[in-house]
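These notes are about the structure you will find just below.
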Amino acid sequence: MELELRHLRTVRAIADTGSLTKAAAALGLAQPALSAQLRRIEKALGGSLFDRDHTGARPTPLGELVLERARVVLPAVSELQEDAVRFANASASVERFRLGGTHGPLLGGLVDRLAAAHPTAPVTTYTSWSVAEIASMLVDGRLDFALIGACGESPPPLADRLHWQVIGVDPVFVMLPEGHPLAGLAELELAALADECWADVPGDGCFADCFTTACARAGFTPASVYETDTVSVVHLVQVGRAVGLCRATFPPTPGLVTRPLAGSPLTWRHLLGRHPRSPAADAAAGAVAGHTRSAYAEAVRRSDSYAGWLAAHPRFGPAP
């Protein structure tokens, strides 16, 4: 494995917070994912970077060496990237929309609206399961706008360097096969699904930990969780292999139903991001935000189970 800038940011975050748990929260990662990443970094560098125990994480002599260099390299690279973003966008003469997203329900609707409103402007897209990757591309100037999701109140990635706007806040719903014994209920208790296998899409945020915590509060540990693409999640639910976790805006799909969880133990924020020093993105920010809100409103309308539920739960839905 070759050392990358994101690896240096990981090492610096652990040193700055003194804890893998706190560093994972700051980076928008699950702690197991951060621990695995640190092991790969240490293997690449030839030794342990931190001494870890119940009190936290402290740099080893090798860790101090790496941190000393990282504290020089990272600010210099950040300055270079931001200067390049400003230069490239200030000198751009052609209107364009470079969009990134994490396989959410709004990207297609946003592309459709931008293409209709700006028929001569190129619209390009890039998708990834990783919110960290999408955020890095915004910082690097390779994207103008990004559509991502964040679990609960967890901070979006690189919140100190990017501008993130909340478009809407949704509960997480459960997908059931049409023939499931609980499919006829209007709302489900999470504990009633304790014996089920689960399926959801992957990601590098804290959703997996939030789900595990919600299950623990409901008195059980999930038997198994399949992390796979959306099409495979739908298939596993349709054939009765698992119940699925989905956004409340998930569109109607043959062979399954979506239902809210009592008390909404899991929530999801739809976020639109841009670089605050990008003149091109700044100039189009209002229009793109308006089109994104319109795409979100359409996604809500398409979901009969959510639109009806939303009327009785005003704390969810479009952001003010």
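Because the structure is a prediction, the values reported are computed rather than measured.
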message = Before you tell me yes or no, could you show the steps for L266 and C210 under side chain to side chain contact (heavy atoms under 4.5 Å, CB included), namely the whole-Å CA-CA distance, both residues' side-chain angles and the distance that decides it to 0.1 Å?
response = CA-CA 7 Å; L266 297 165; C210 292; 4.0 Å; yes
request  = Report the C-alpha separation of T127 and T102 in whole Å, then their side-chain angles, then the decisive distance to 0.1 Å, and conclude whether the side chain to side chain contact (heavy atoms under 4.5 Å, CB included) test is met.
outcome  = CA-CA 5 Å; T127 57; T102 50; over 6 Å; no
request  = Before giving the answer on salt bridge (Lys or Arg N to Asp or Glu O under 4.0 Å), spell out for R269 and D170 the whole-Å C-alpha distance, their side-chain angles and the decisive distance to 0.1 Å.
outcome  = CA-CA 6 Å; R269 292 168 15 250; D170 295 336; over 6 Å; no
message = Is there a salt bridge (Lys or Arg N to Asp or Glu O under 4.0 Å) between E42 and R52? Walk through the geometry before answering.
response = CA-CA 13 Å; E42 291 177 327; R52 284 163 275 172; 3.2 Å; yes
task = Go through L188 and L176 one step at a time and tell me if the side chain to side chain contact (heavy atoms under 4.5 Å, CB included) criterion holds.
result = CA-CA 11 Å; L188 303 179; L176 304 171; 3.6 Å; yes
request  = Apply side chain to side chain contact (heavy atoms under 4.5 Å, CB included) to the pair V172 and L261, showing each step before the final yes or no.
outcome  = CA-CA 8 Å; V172 173; L261 290 167; 5.6 Å; no
task = Walk me through it: do E4 and R9 pass the test salt bridge (Lys or Arg N to Asp or Glu O under 4.0 Å)?
result = CA-CA 9 Å; E4 301 176 19; R9 294 188 183 104; over 6 Å; no
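Closest heavy-atom contact between L138 and A146: CD1-CB, 3.7 Å. Across every non-hydrogen atom of A117 and H291, the tightest pair is CB-NE2, 3.8 Å. Scanning both residues, P75 and A70, for their nearest heavy atoms gives CD-O, 3.8 Å. Across A307 and V300, no two heavy atoms sit closer than the pair CB-O, 3.8 Å. Annotation for A24 and L34: closest pair N-CD2, 3.4 Å, computed over non-hydrogen atoms. Counting all heavy atoms, side chain and backbone alike, T228 lies closest to S232 at OG1-CB, 3.3 Å.
In this structure, E298 pairs ionically with R113, as a charged nitrogen and a carboxylate oxygen lie closer than 4.0 Å.
Between the CG atom of L110 and the CG atom of L272 there is a distance of 7.5 Å, given to the nearest 0.5 Å. To the nearest 0.5 angstrom, L162 atom CG is 10.5 Å from L143 atom CG. Here the straight-line distance linking atom OG1 of T125 with atom CG of L147 works out to 11.0 Å at 0.5 Å rounding. Atoms OG and CE, on S128 and M137 in that order, are 8.5 Å from each other to the nearest 0.5 Å. Atoms CG and CD1, on L49 and I14 in that order, are 8.0 Å from each other to the nearest 0.5 Å. Between the CZ atom of F207 and the CD atom of E227 there is a distance of 9.5 Å, given to the nearest 0.5 Å.
Partners of S264 by side chain to side chain contact (heavy atoms under 4.5 Å, CB included), not counting sequence neighbours, listed by chain and number: P171, W309, R315, F316. Residues satisfying the side chain to side chain contact (heavy atoms under 4.5 Å, CB included) test with R274, not counting sequence neighbours, are F145, H163, A281, D282, A285.
In summary, the side chains of T60 and D51 do not present any donor paired with an acceptor at a separation below 3.5 Å, with no hydrogens or angles considered. Between the side chains of H270 and Q165, not a single donor N or O lies within less than 3.5 Å of an accepting N or O.
Under the 4.5 Å side-chain heavy-atom criterion for grouping Ile, Leu, Val, Met, Phe, Trp and Tyr, L20 is connected to L45 within one hydrophobic cluster. A single hydrophobic cluster is not seen to contain both L182 and F173; linkage of ILVMFWY side chains at heavy-atom distances under 4.5 Å, directly or through other members, places them apart. Hydrophobic clustering (ILVMFWY, side-chain heavy atoms < 4.5 Å, transitive): V169 and V131 are in one cluster. Linking Ile, Leu, Val, Met, Phe, Trp and Tyr whenever their side-chain heavy atoms come within less than 4.5 Å leaves L27 and W129 in two separate clusters. The hydrophobic clustering, which links ILVMFWY residues whose side-chain heavy atoms are closer than 4.5 Å, places W164 and L106 together.
The shortest side-chain heavy-atom distance between R58 and F50 does not fall under the 4.5 Å cut-off. Annotation: side chain of Y306 is not in contact with side chain of H313 (no heavy-atom distance under 4.5 Å). Counting only heavy atoms from C-beta outward, the side chains of P157 and I148 approach each other to under 4.5 Å. Side chains of R6 and Q37 form a contact here, defined as non-hydrogen atoms less than 4.5 Å apart. Residues Y126 and I134 meet the side-chain proximity criterion, which asks for heavy atoms closer than 4.5 Å. V201 is not listed as a side-chain neighbour of H103, based on a closest heavy-atom distance of 4.5 Å or more. Counting heavy atoms from C-beta outward, L8 and L3 have side chains that approach closer than 4.5 Å. Using a 4.5 Å heavy-atom threshold, the side chains of V11 and H7 count as separate.
Looking only at distances, a side-chain donor or acceptor of T212 sits under 3.5 Å from a matching main-chain atom of A208. Using a distance-only test at 3.5 Å, with no hydrogens or angles considered, no donor-acceptor pair links the side chain of S154 to the main chain of A150. The backbone N or O of L185 lies less than 3.5 Å from a partner atom in the side chain of R259, making a donor-acceptor pair. Not a single donor-acceptor pair under 3.5 Å links the side chain of D140 to the backbone N or O of R142. Using a distance-only test at 3.5 Å, with no hydrogens or angles considered, no donor-acceptor pair links the side chain of S278 to the main chain of H275. Checking side-chain atoms of R217 against main-chain N and O of P265 turns up no donor-acceptor pair under 3.5 Å. Between the side chain of D200 and the main chain of V225, no donor-acceptor pair closer than 3.5 Å is present.
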Could you tabulate the donor-acceptor pairs under 3.5 Å formed by side-chain atoms of residues 233-258, not counting sequence neighbours?
{"residue": "Q238", "atom": "NE2", "partner": "P254", "partner atom": "O", "Å": "2.6"}
{"residue": "T253", "atom": "OG1", "partner": "P251", "partner atom": "O", "Å": "3.0"}
{"residue": "T258", "atom": "OG1", "partner": "S305", "partner atom": "OG", "Å": "2.8"}

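Enclosure of atom CG in D53 by more than 12 non-hydrogen atoms of other residues, nucleotides or ligands within 6.0 angstrom is indicated.
A perpendicular orientation is assigned to the rings of F211 and W198, their planes being inclined by more than 60° (bins at 30° and 60°).
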